[in-house]
Chemist: 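Just dropping this structure here.
Keep in mind the model is a prediction, meaning the values are calculated, not measured.
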Amino acid sequence: MGLWNKLTNELIDIIQWTDDTSDTMLYRFYRPDNEIKNGAQLVVREGQAAAFVNEGQLADVFFPGTYTLTTQNIPILSKLRGWKYGFDSPFKAEVYFVSTRLFTNRKWGTPNPIMLRDAEFGMVRLRAFGTFAVRVKYPPVFLRELVGTNARFTLDDIEGQLRDLVTTRFSDAVGGSKIAALDLAGQYGQLADLVTGKIQPEFASFGLEIVKLLIENISLPPEVEAAMDKRTSMGVIGDLKAYSQYQTGNAIGDAANNPGGLAGAGAGLGARFAVAQQMGQAMNAAPNVTPPPIPGNASASFFAVIDGKQAGPFDPAQLQQNLAAGKLTPGTLVWQPGMEQWIAASKVPALASILASVPPPIPK
């Protein structure tokens, strides 16, 4: 059995990798004792690269094509091994195949809410998720930085790290963009480009390239979404006063149309007429006009400025007493609720009867 394996190994002179998985990024070609014969055929398919490693040191890298392995097309390996005139006997070297195809639909998302200072809502918490696509762009860097001596390296071995990088740079981009929370939905593309620009150098340090990053959703806290819904409703309603009048008219009309209600037919007609009259007055009246206050009410109390100080309130009888005592005169400043400012007592019609009861001065 050992002789058969040896003979079989001697006949194998094609080095290739047919990938039947969807997540393998690197595969080390298996060959007993890693022996490669002079003139062996290397087949590198589209979406692949092949790298030779001699005693732990990276040598030649091949891209799609078919190669006959001689000293002419493996110059680095030939130099490392000191082949000046070619080689006749088999040599030992490790061959790594790297998948350079695009790995799509890789998920990312914020495990915890992102704190954001918003100009309108203050401190808000955001959650976001999306997808990205990645591929190996620099096979030598990828081999040195991530693979080591692994015989097989899959996307699962690095995806957690890549996802954390995307999430962290997304948080930085959102915080630094100063985009209002209400405007984020219209800025997905801009944010995605911003994150891609920030993260591309970090992916390149692993020999990788992020090809496309998508933001599928940015969600706001429930209380902020409720505030947005209310604002949208107010925008749809428009003039709140007109809307309230319209709603009142409909409600009264429905009550009048209820046969079992107190309105009845006659009351329903009266209610409709009253609503129509109210809406007509509202349309004809000047908006936000408040009638002026009544200048004075004799039955109400007054404050007065006596001896330079505010005194009172005084009812009509007390005003009469102050008048008789000479403390209240037509020029005394008075005020009562409803008046805009202090005015002379002689200018208040309600005090005319009290001031008239004072006899004129005694003739000299």
Side-chain angles (χ1 to χ4, degrees), residues 119-122 223 226-227 230-231 233-258 260-364:
E120 190 163 359
F121 296 107
E223 56 270 19
K230 289 180 181 179
R231 177 169 299 184
S233 300
M234 293 299 296
V236 173
I237 290 172
D239 189 342
L240 185 59
K241 181 178 179 181
Y243 179 76
S244 299
Q245 292 175 343
Y246 173 75
Q247 290 289 83
T248 303
N250 285 341
I252 297 177
D254 292 341
N257 290 329
N258 183 6
L262 297 177
L269 182 61
R272 289 177 184 274
F273 176 77
V275 172
Q277 185 180 25
Q278 178 187 5
M279 296 185 68
Q281 292 174 352
M283 293 175 63
N284 294 327
N288 299 325
V289 175
T290 303
I294 301 173
N297 185 355
S299 63
S301 299
F302 280 82
F303 291 86
V305 178
I306 298 176
D307 297 331
K309 298 180 181 180
Q310 175 182 314
F314 303 115
D315 58 24
Q318 292 172 323
L319 290 172
Q320 189 75 37
Q321 294 174 2
N322 285 313
L323 187 64
K327 296 181 179 180
L328 177 65
T329 66
T332 300
L333 296 177
V334 296
W335 178 87
Q336 72 173 173
M339 297 173 64
E340 294 183 352
Q341 59 185 353
W342 294 81
I343 59 176
S346 61
K347 295 182 180 181
V348 180
L351 298 179
S353 60
I354 296 177
L355 295 175
S357 64
V358 178
I362 300 174
K364 294 182 181 179

Chemist: Taking the side chain as every heavy atom from C-beta outward, state whether Trp342 and Phe303 have any atom pair closer than 4.5 Å.
Modeler: yes
Chemist: Given 3.5 Å as the limit, does a donor-acceptor pair link the side chain of Asp307 with the main chain of Lys309, or not?
Modeler: no
Chemist: If you take all heavy atoms of Gln341 and Trp335, which pair is closest and at what distance?
Modeler: O-CD1, 3.6 Å
Chemist: Sequence neighbours excluded, which residues qualify as side-chain contact (heavy atoms from CB on, under 4.5 Å) partners of Gln321?
Modeler: none
Chemist: Give the intermediate values and the outcome of side-chain contact (heavy atoms from CB on, under 4.5 Å) for residues Gln336 and Val348.
Modeler: CA-CA 10 Å; Gln336 72 173 173; Val348 180; 5.9 Å; no
Chemist: Take Phe302 and Asn322 through the test side-chain contact (heavy atoms from CB on, under 4.5 Å) and record every step on the way to the result.
Modeler: CA-CA 12 Å; Phe302 280 82; Asn322 285 313; over 6 Å; no
Chemist: Could you give the distance from CG (Leu351) to CD (Gln320), rounded to the nearest 0.5 Å?
Modeler: 10.5 Å
Chemist: When the side chains of residues 326-334 are checked against the rest of the protein, which donor-acceptor pairs come out under 3.5 Å, sequence neighbours left out?
Modeler:
{"unit_1": "Thr329", "atom_1": "OG1", "unit_2": "Gly331", "atom_2": "N", "d": "3.4"}
{"unit_1": "Thr329", "atom_1": "OG1", "unit_2": "Thr332", "atom_2": "N", "d": "3.4"}
{"unit_1": "Thr329", "atom_1": "OG1", "unit_2": "Thr332", "atom_2": "OG1", "d": "3.0"}
{"unit_1": "Thr332", "atom_1": "OG1", "unit_2": "Thr329", "atom_2": "N", "d": "2.9"}
{"unit_1": "Thr332", "atom_1": "OG1", "unit_2": "Thr329", "atom_2": "O", "d": "3.3"}

